[in-house]
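Small disclaimer: the values here were computed from a predicted structure and weren't measured.
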Amino acid sequence: MPLCVYFVQKSPVKIWGLTSSQRIERVLKAAGVGMIIDDLSALHDNDSVLILRTDYLFDDRLVNYLAVTPGIVLQLTQNRTGVTVAAHVSAELAQQAIQVIENPMMAASLPGVQPLTLETLPISLHQSLKKSEPPFVLPISLEYQRKLEQRLFRWSYKGVTDLVTKWVWPIPAQWMVGQCVRYGIRPNLVTLTGLLLVILSGILFAMGHFGWGLLTGWLMTFLDTVDGKLARVTVTSSRFGHYFDHLTDLFHPPIWYILWGIGLKTSHLNGFGISVHTALWLIVTGYIAGRLTEGAFKWRLGKFGIFCWRPVDSYFRLITARRNPNMMLLTGCFIMGRPDLGLVAVAFWTVATSVFLLTRLAWASYEKSSRGQLASWLANIPPSLYDQSLAVRLFTQPSSD
């Protein structure tokens, strides 16, 4: 029989349009585990049941961990008293576990069940979001609804990313996600709108309308931030949406640069002695080399992204020659009245970035061959560094709740 999931202490307060129980149900469905039940009497003694107190907001990673880890109860310290918020036990212990959860004065001691706290859980590195962040469980109330939404939005944000996504987009993106939730707009529609803007920007670049192309291009990059955050806070990620978004992100930047070159309507870049054809070859070759280097590191060396290997790599991700930093170069040169210089700047920076990444790949290969398996610096960060290290403050989200 599959894992059964039973909710207690339900709260009607919605965080990003979902109650805690609705959110947990979506998380478990996405993981392919758990069957929600309303009646414990039909269970056999040896059946496994996950009991969750849904007047609390649970970290998605924590929900998945609890679902696959039997024989545990999760305890929090709240107002100097212990509160049990979850238990994964056999059905014969379910009623006892519910009494412990619903009555904070009862000792959380069940036979054969291990008590855990957030501090003792082996959950820190958020692989897909490229950051280190302790798991959270937060009490839900209408008074703190907005703060909880802000907390969940911060949780949905990548730690290691480019400087525009990290520091320019968060506030407007949070507002836009709120509007999407309010009007029932799904992430795939946002991604589709972004794809249409990709096409429109490319057409404008090819026609030499660089200003309008940059405007629609920047709007696309903004929506590219919104769709992922919307999917995470509403737990509406899908395999189709994941590949749709990532394939769009992978292929459109070099196409934009080629169309920008077409829009220049000149065979040579004024004053630089190189042809548009040469600049574009440098960009495309450098872009492909960089992407292949990133893939080779993840698949053959670290099993994680190259930008998460050492702090220097995370710093470099802020400015590496991906779409947003390159868009900054194009925009700055357009404002100066030199769109041709923008293409040269992108070519130079793409080649320089690829050389840096190839150097890091070679060094990582040497490290692995001489010292063994590589590890991300985000995987095991000593608590003492949260206040002392700039890299830790920039690229992680220590618990502040």
Kindly compute the distance separating [atom1] ([X]) from [atom2] ([Y]), expressed to the nearest 0.5 Å.
X      : Y      : atom1 : atom2 : answer
Asn188 : Phe240 : CG    : CZ    : 6.0 Å
Leu138 : Lys147 : CG    : NZ    : 12.0 Å
Thr353 : Arg317 : OG1   : CZ    : 10.0 Å
Thr19  : Lys10  : OG1   : NZ    : 8.5 Å
Trp218 : Leu223 : CH2   : CG    : 13.5 Å
Leu394 : Lys166 : CG    : NZ    : 6.5 Å

Strictly by modelled atom types, are [X] and [Y] linked by a side-chain donor-acceptor pair under 3.5 Å?
X      : Y      : answer
Asp340 : Thr266 : no
Thr191 : Asp245 : no
Glu143 : Ser141 : no

Check whether any side-chain heavy atom of [X] lies under 4.5 Å from a side-chain heavy atom of [Y], and answer yes or no.
X      : Y      : value
Glu25  : Val5   : no
Phe251 : Val198 : no
Ile15  : Ser20  : no
Ile36  : Phe7   : yes
Leu330 : Phe210 : no
Glu294 : Ile306 : yes
Lys158 : Thr165 : no
Leu378 : Phe304 : no

Phe136 six-ring face occupied by Arg151 cation (under 6.0 Å, within 45°):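 Yes, cation above the ring, under 6.0 Å and within 45°.
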Aromatic Tyr157 / basic Lys229 pairing, under 6.0 angstrom, 45° off normal: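 So Lys229 does make the cation-pi contact.
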Test item: [X] side-chain N/O and [Y] main-chain N/O as donor-acceptor pair under 3.5 Å:
X      : Y      : value
His88  : Leu66  : yes
Thr216 : Gly213 : yes
Thr54  : Ser21  : no

Which heavy atom of [X] sits nearest to which heavy atom of [Y], and what is that distance?
X      : Y      : value
Ala97  : Ala87  : CB-CB, 4.0 Å
Ser314 : Phe307 : OG-O, 2.7 Å
Asn64  : Ala31  : OD1-CB, 3.4 Å
His252 : Asp249 : ND1-CA, 3.8 Å
Lys265 : Met207 : NZ-O, 3.4 Å

For Val137 and Asp59, what are the C-alpha separation, side-chain angles and deciding distance, and is it a side-chain contact (heavy atoms from CB on, under 4.5 Å)? CA-CA 6 Å; Val137 181; Asp59 186 321; over 6 Å; no
Name the orientation class of the two ring planes belonging to [X] and [Y] (parallel below 30°, tilted from 30 to 60°, perpendicular beyond 60°).
X      : Y      : answer
Trp349 : Phe316 : tilted
Trp16  : Phe153 : tilted
Trp309 : Phe297 : tilted

Quick one, Thr278 with Leu269, criterion side-chain contact (heavy atoms from CB on, under 4.5 Å). Give me CA distance, side-chain angles, the key distance, then yes/no. CA-CA 10 Å; Thr278 300; Leu269 299 175; over 6 Å; no
For [X], does the [atom1] atom sit with more than 12 other heavy atoms under 6.0 Å from it, leaving out its own atoms?
X      : atom1 : answer
Tyr65  : OH    : yes
Lys368 : NZ    : yes
Arg186 : CZ    : no

Can we call the ring centroids of Trp260 and Tyr257 under 6.0 Å apart?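 So the answer is no for these two rings.
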Quick one: ring-ring contact (aromatic ring centres under 6.0 Å, His included) pairs with a partner in residues 161-188, sequence neighbours left out?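 Counting only pairs at least two positions apart or across chains, the ring-ring contact (aromatic ring centres under 6.0 Å, His included) contacts touching residues 161-188 are Trp169-Phe222.
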Show, in sequence, the C-alpha distance, side-chain angles and deciding distance for Thr293 and Arg360, and conclude whether the side-chain contact (heavy atoms from CB on, under 4.5 Å) test is met. CA-CA 9 Å; Thr293 301; Arg360 296 299 291 165; over 6 Å; no
Evaluate the criterion side-chain contact (heavy atoms from CB on, under 4.5 Å) for residue pair Val83 and Val85; output intermediate values, then yes/no. CA-CA 6 Å; Val83 178; Val85 295; 4.0 Å; yes
Checking side chain to side chain donor-acceptor pair (under 3.5 Å) between Asn324 and each of Thr161, Asp224, Thr225, Asp162, which is the one that passes?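 Answer to the side chain to side chain donor-acceptor pair (under 3.5 Å) test with Asn324 among Thr161, Asp224, Thr225, Asp162: Asp162.
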